[in-house]
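What follows is a set of notes on a single structure, which appears directly below.
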Number of protein chains: 4
Amino acid sequence: MRANSSSSEQDRSFTERGRRAQIVEAAIEAIVELGYSRASFGQIAKRAGLSSTGMISYHFRNKAELMQQVVTDVYAAAEELVGARIDAAGTARDQLRAFIESSVDFYRTNHRQLRAITEIFLNERGDDAALPHRRELEGMRELLRAGQRSGEFRDFDPHVMAVTLRHALDGVALRLGVEPDADADRYARELETTFDLATRAG
Amino acid sequence: MRANSSSSEQDRSFTERGRRAQIVEAAIEAIVELGYSRASFGQIAKRAGLSSTGMISYHFRNKAELMQQVVTDVYAAAEELVGARIDAAGTARDQLRAFIESSVDFYRTNHRQLRAITEIFLNERGDDAALPHRRELEGMRELLRAGQRSGEFRDFDPHVMAVTLRHALDGVALRLGVEPDADADRYARELETTFDLATRAG
Amino acid sequence: MRANSSSSEQDRSFTERGRRAQIVEAAIEAIVELGYSRASFGQIAKRAGLSSTGMISYHFRNKAELMQQVVTDVYAAAEELVGARIDAAGTARDQLRAFIESSVDFYRTNHRQLRAITEIFLNERGDDAALPHRRELEGMRELLRAGQRSGEFRDFDPHVMAVTLRHALDGVALRLGVEPDADADRYARELETTFDLATRAG
Amino acid sequence: MRANSSSSEQDRSFTERGRRAQIVEAAIEAIVELGYSRASFGQIAKRAGLSSTGMISYHFRNKAELMQQVVTDVYAAAEELVGARIDAAGTARDQLRAFIESSVDFYRTNHRQLRAITEIFLNERGDDAALPHRRELEGMRELLRAGQRSGEFRDFDPHVMAVTLRHALDGVALRLGVEPDADADRYARELETTFDLATRAG
DNA sequence: GATGAATGAGTTTTCATTCAT
DNA sequence: GATGAATGAAAACTCATTCAT
C-alpha cells in the first residue's frame with residue numbers, strides 16, 4: 001500500500017505532507033548540485049536522509065509526480081510573495097517595478113528553487129509541467145497591456161516584452177546561484193531601471 | 001587505435017571531421033526532440049543513420065566530449081555570423097543593434113542548436129562547458145563599457161545588462177522553437193528598441 | 001503478539017476467522033483479475049477494503065500461508081458439495097455421473113475460485129500446496145477402480161482416466177470464466193455422456 | 001542500439017536467432033523449475049549462461065516479447081509434428097487418433113515446453129498470448145464437425161469436446177513432468193480409446 | 001486490532017562503453 | 001571504418017515484511 005494513492009493535498013496527513021516536502025527539498029538540492037539528468041532517486045534519497053529509494057516511490061506515484069510537485073511548490077511560494085506586492089502597487093508602472101523587485105527578493109533566498117524548476121521545464125516535455133509557466137506569462141502580458149491602455153506604457157509587443165522580462169529574471173536567478181557574492185539589490189535596481197526605460201511612454 | 005585519440009582538430013582527416021559533424025547534428029536533434037536526459041547514444045546513433053552506438057564512442061572519447069563538441073560547433077557558427085556584423089558596425093549603439101539583429105538572424109535558422117546548448121549548459125557542470133559562455137558574456141560587457149566610455153550609453157551596470165540581454169536572447173531562441181509561426185523579425189525589432197531605450201544616454 | 005502465531009484453526013476467534021476469510025476472498029479476486037504474478041499484497045488489501053498490507057501479514061505468517069489457505073478453503077467447500085452427492089449415489093456409474101454433475105454445479109458459482117487455485121498450484125511448488133490435489137486424484141482413482149471391480153466399468157487405466165477427468169473438469173471451470181454466456185448444464189451433460197461412454201463396460 | 005529493433009524473423013542474423021533461441025530455452029527452464037512468477041530475468045540469464053540481464057533486454061524488447069516468443073516457438077514445433085500426422089490420416093476417426101498420438105509423442109520430449117506455455121497463458125492476460133491457443137481450439141472443432149458431417153462421430157457438442165480434449169492433453173503433459181517414470185505410450189493408448197469411445201457414432 | 005511509515009531486497013529496463021570480427 | 005554483441009553499472013519502481021503508534 002502506498003501513501004500517494006490519495007490525490008488531493010488536503011487528504012494527506014501532517015507527517016505525510018512533511019515527508020513529501022522533505023523529499024521535494026532534497027530533489028531541488030540534487031538537481032542544483034548535479035543537474036536534472038543526474039538527479040536520480042538514489043541521489044535524492046541520500047540528500048533526504050532516506051535509507052532507500054523505495055521511500056520516494058512510496059510518497060510519489062513516479063518521478064514525474066515528484067518533479068511536478070517541485071514546480072507546484074516553488075510557484076506557490078513565489079506567487080504568494082510576488083502577488084501580494086503587485087496587488088499593493090497602484091499604477092501599472094509601479095506594478096511592473098513591484099513585480100521585478102519582489103521577484104528578485106524571492107530569488108535572493110530561493111535561487112536554487114528557480115534553478116531547479118528551470119531544469120525541470122526543459123526536461124519534462126509534458127504540457128502539465130509547462131502549465132504554470134504559461135499561466136505566469138499570461139499574467140505578465142495582461143499587466144503590460146493594462147499599462148498600455150492606461151497610457152503609461154509605450155506601444156511595444158506585450159508578448160515579446162513578457163518573454164524578455166521572464167528570461168531576464170531567470171537569468172538573475174541563475175546568476176545568483178553562480179556568483180556567490182552577487183548583490184541581489186543591484187540586480188533588482190538595474191532591472192527596474194532597464195524595464196522602466198524600455199516600457200514607459202514617450 | 002581509435003579516431004578520438006588525437007587531441008587537436010587539425011589532426012583529423014576530412015572524413016573523420018564529416019562523421020563527427022554528422023554525429024554532432026544528430027545529438028542536437030536528439031536533445032531538442034527528447035530533452036538532454038533522454039538523448040542517449042542509441043537515440044543519437046539512430047538519428048545519425050548509424051546502426052551501432054559503438055561508432056559514437058569510436059569518434060568521441062566519451063559523452064562529455066561529444067556534448068563539448070556540440071557547444072563548440074554552435075558557438076563557432078554563431079560567432080562567425082555575429083562577429084562579422086558587429087565589426088561592420090560603427091558606434092557602440094549600432095554595434096548593440098547589430099548584435100541583437102544578427103543574433104536573432106542566427107536563431108531564425110538555428111534555434112534548435114541554441115536550445116540544445118542551453119540544455120547542455122544546464123546539465124554539464126564542468127567548467128569546460130561553460131567557458132565559451134563566459135567568454136561571450138565578457139565580450140558583451142566590453143561592448144557595453146565601450147559605449148559608456150564614449151558617452152553613447154547611460155551609466156548602468158554592464159554585467160547586469162549583459163546578463164539580461166544574454167537571457168533575453170536565449171528566451172527568443174526558445175520561443176522560436178516553441179511557437180511554430182513566430183515572427184523572428186518582430187522579436188528582433190522589439191528587442192532592439194527595448195535595449196536601445198534601456199541603454200542610451202539621457 | 002500476532003494472530004497468525006496460533007497454528008490450529010480451532011484456536012482462532014470468530015472475528016479472526018472472519019478477517020482471514022475476507023482476505024482469502026480478496027486474494028481470489030486479485031488472482032483472477034490480475035494473474036498470480038501480479039496479485040500483490042497491495043492489490044489484495046485494496047480488494048479486502050484494508051488500508052494497509054500490514055494487516056495481511058498480521059493474519060498470515062507469510063504469502064505462502066495465505067495461498068495455502070485459499071486452496072484449503074476452496075477444497076473444503078467443493079468437497080462438502082461433491083462428497084455429499086457422491087455418497088447419495090448408488091452404483092459406480094451413478095457416482096461418476098454425480099461427481100461430474102456436482103463438480104460443474106460447484107463451478108457454476110465458483111469458477112473464480114477454481115481459476116485461482118489452478119494458478120496457485122502452478123506457482124507454489126511446495127508439496128503442501130499440491131497435497132489436496134493429490135488426495136482428490138486418489139479418491140477419483142478409487143471410485144474408478146471400484147467400478148471396474150464391480151464390472152460396471154471397462155478395463156482402462158484408472159490413473160490416466162482420473163487425470164483426464166480432472167483436467168477436463170478444470171477446463172470447464174476455466175471456460176466458465178472466459179465465456180460469459182456459457183451454459184454450465186450443457187458442459188455437464190456433454191461431460192457425463194462422454195465419460196460414461198469412455199468408461200462403461202462392453 | 002539493440003538487436004530487437006527489427007521486427008521480422010527473417011531480418012535476424014544467424015547468431016542473433018541462436019541467442020534468442022538460447023534465451024527462450026532458458027526461460028522455459030526457469031518457468032518449469034520456479035514457476036512463472038519467480039522466473040525473473042535474473043534467473044533466466046543465469047540459466048542461459050549470460051552474465052547480465054541486460055543481454056536479455058538487448059535481444060527482446062521486453063519481458064512480454066520474450067514470453068510471446070516462447071509460445072510461438074513451442075506452437076511452431078508442435079504444429080509441425082502434429083499437423084503432418086493429421087494430414088497423413090484418412091478418416092476423421094483416424095485423424096483424431098493421430099492428433100492424440102502425435103500430441104503425446106510431442107509431449108514425451110517436450111513436456112517442459114508445454115508446462116511453460118500453460119503458465120504463460122494463465123499469467124499473460126493480453127489477447128496476443130492466447131491467440132495461438134484459440135486458433136488451435138478452432139482447428140479441433142473443425143476436425144470434430146467434419147467427423148460428424150461424415151457420420152463417423154455421434155452428435156456431441158464440438159466445442160465442449162474440443163475443450164475437454166485440449167485440457168485432457170494438457171493434463172498428460174503436466175503429468176509427464178510430475179511423474180518421472182510415466183509411460184507416455186500408456187497415456188496415448190488410453191486417451192485414444194477414451195476419446196474414440198466418447199466420439200464415435202452409435 | 002488497525003494504520004501508515006519504513007526497510008531492503010528484488011524487479012525490469014536503459015545505458016555508455018568495450019571489443020572481436 | 002563499421003557492426004553487432006557483450007558487459008556491468010545504474011536507473012525507476014515494486015514488494016513482502018516489520019514495527020511504532
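This structure is a prediction, so every number in the text was calculated from the model and none was measured. Chain A is the first sequence line, chain B the second, and so forth, proteins listed ahead of strands; every chain is numbered from 1.
Across all strands shown, dC19(E) is found opposite dG4(F) as a Watson-Crick or G-U wobble partner, with both distances under 3.5 Å.
Along DNA chain E, the nucleotide nearest G54(C) and the nucleotide nearest K63(D) are compared for position; the residue whose nucleotide lies closer to the 5' end is G54(C). Residue N62(D) is the one, among A64(B) and N62(D), whose nearest nucleotide of DNA chain E lies closer to the 5' end (criterion: closest heavy atom). Across the interface with DNA chain F, nearest-nucleotide mapping of G42(C) and A39(A) shows A39(A) to be the residue nearer the 5′ end.
The side chain of S13(A) contributes an N or O atom lying less than 4.0 Å from OP1 or OP2 of dA5(E). Proximity of R19(A) to the phosphate of dG4(E): no side-chain N or O atom is located under 4.0 Å from OP1 or OP2. Between R61(A) and dC13(F) there is no side-chain polar atom (N or O) within less than 4.0 angstrom of OP1 or OP2. Distances shown here put every side-chain N or O of H59(A) at or beyond 4.0 Å from the OP1 or OP2 atom of dG4(E). The phosphate of dG8(E) (OP1 or OP2) has a side-chain N or O of S51(A) nearer than 4.0 angstrom. Distances shown here put every side-chain N or O of S57(A) at or beyond 4.0 Å from the OP1 or OP2 atom of dA12(F).
Heavy atoms of S52(A) sit under 4.0 angstrom from at least one base atom.
In this structure, of dA16(F), dA5(E), dT13(E), it is dA5(E) that holds the atom nearest to the side chain of T15(A). When each of dT17(F), dT3(F), dT12(E) is scored by its nearest atom to the side-chain atoms of S40(D), the top-ranked nucleotide is dT12(E).
Look at CD1 on I56(A): it is 14 Å from C1' on dT14(F), rounded to the nearest Å. If you take CD of Q43(A) and P of dA12(F), they are 10 Å apart, rounded to a whole angstrom. Y58(D) has its OH atom 14 Å from the C1' atom of dA16(E), to the nearest Å. The separation between F41(C) atom CZ and dT17(F) atom C1' is 8 Å, rounded to whole Å. Atom CD of E65(A) and atom P of dC13(F) are 11 Å apart (whole Å). At whole-Å resolution of the value, OH in Y36(C) and C1' in dA16(F) are 12 Å apart. Put simply, CZ on R38(A) is 13 Å from C1' on dA10(F), counting in whole angstrom units. When the P atom of dG4(E) is taken as reference, atom CE of M55(A) falls 13 Å away, rounded to whole Å.
Rounded to whole Å, the P atom of dT21(F) lies 22 Å from the corresponding atom of dG1(E).
Under a 4.0 Å N-O distance rule, the pair E124(A)/K63(A) does not qualify as a salt bridge.
Atom-to-atom distance recorded for L66(D):CG and F60(D):CZ is 5.0 Å, nearest 0.5 angstrom.
With contacts defined as side-chain heavy-atom distances shorter than 4.5 Å, the pair H133(A)/V71(A) does not qualify. A heavy-atom distance below 4.5 Å is not found between the side chains of T72(D) and V24(D).
For T53(C) against dC15(F), a side-chain-to-base donor-acceptor contact under 3.5 Å is absent.
Counting only distance, with no hydrogens or angles, the side chain of E119(C) and the backbone of Y36(C) share a donor-acceptor pair below 3.5 Å.
Shown here are the salt bridge (Lys or Arg N to Asp or Glu O under 4.0 Å) partners of E25(C), two or more places apart in sequence or in another chain: R112(C).
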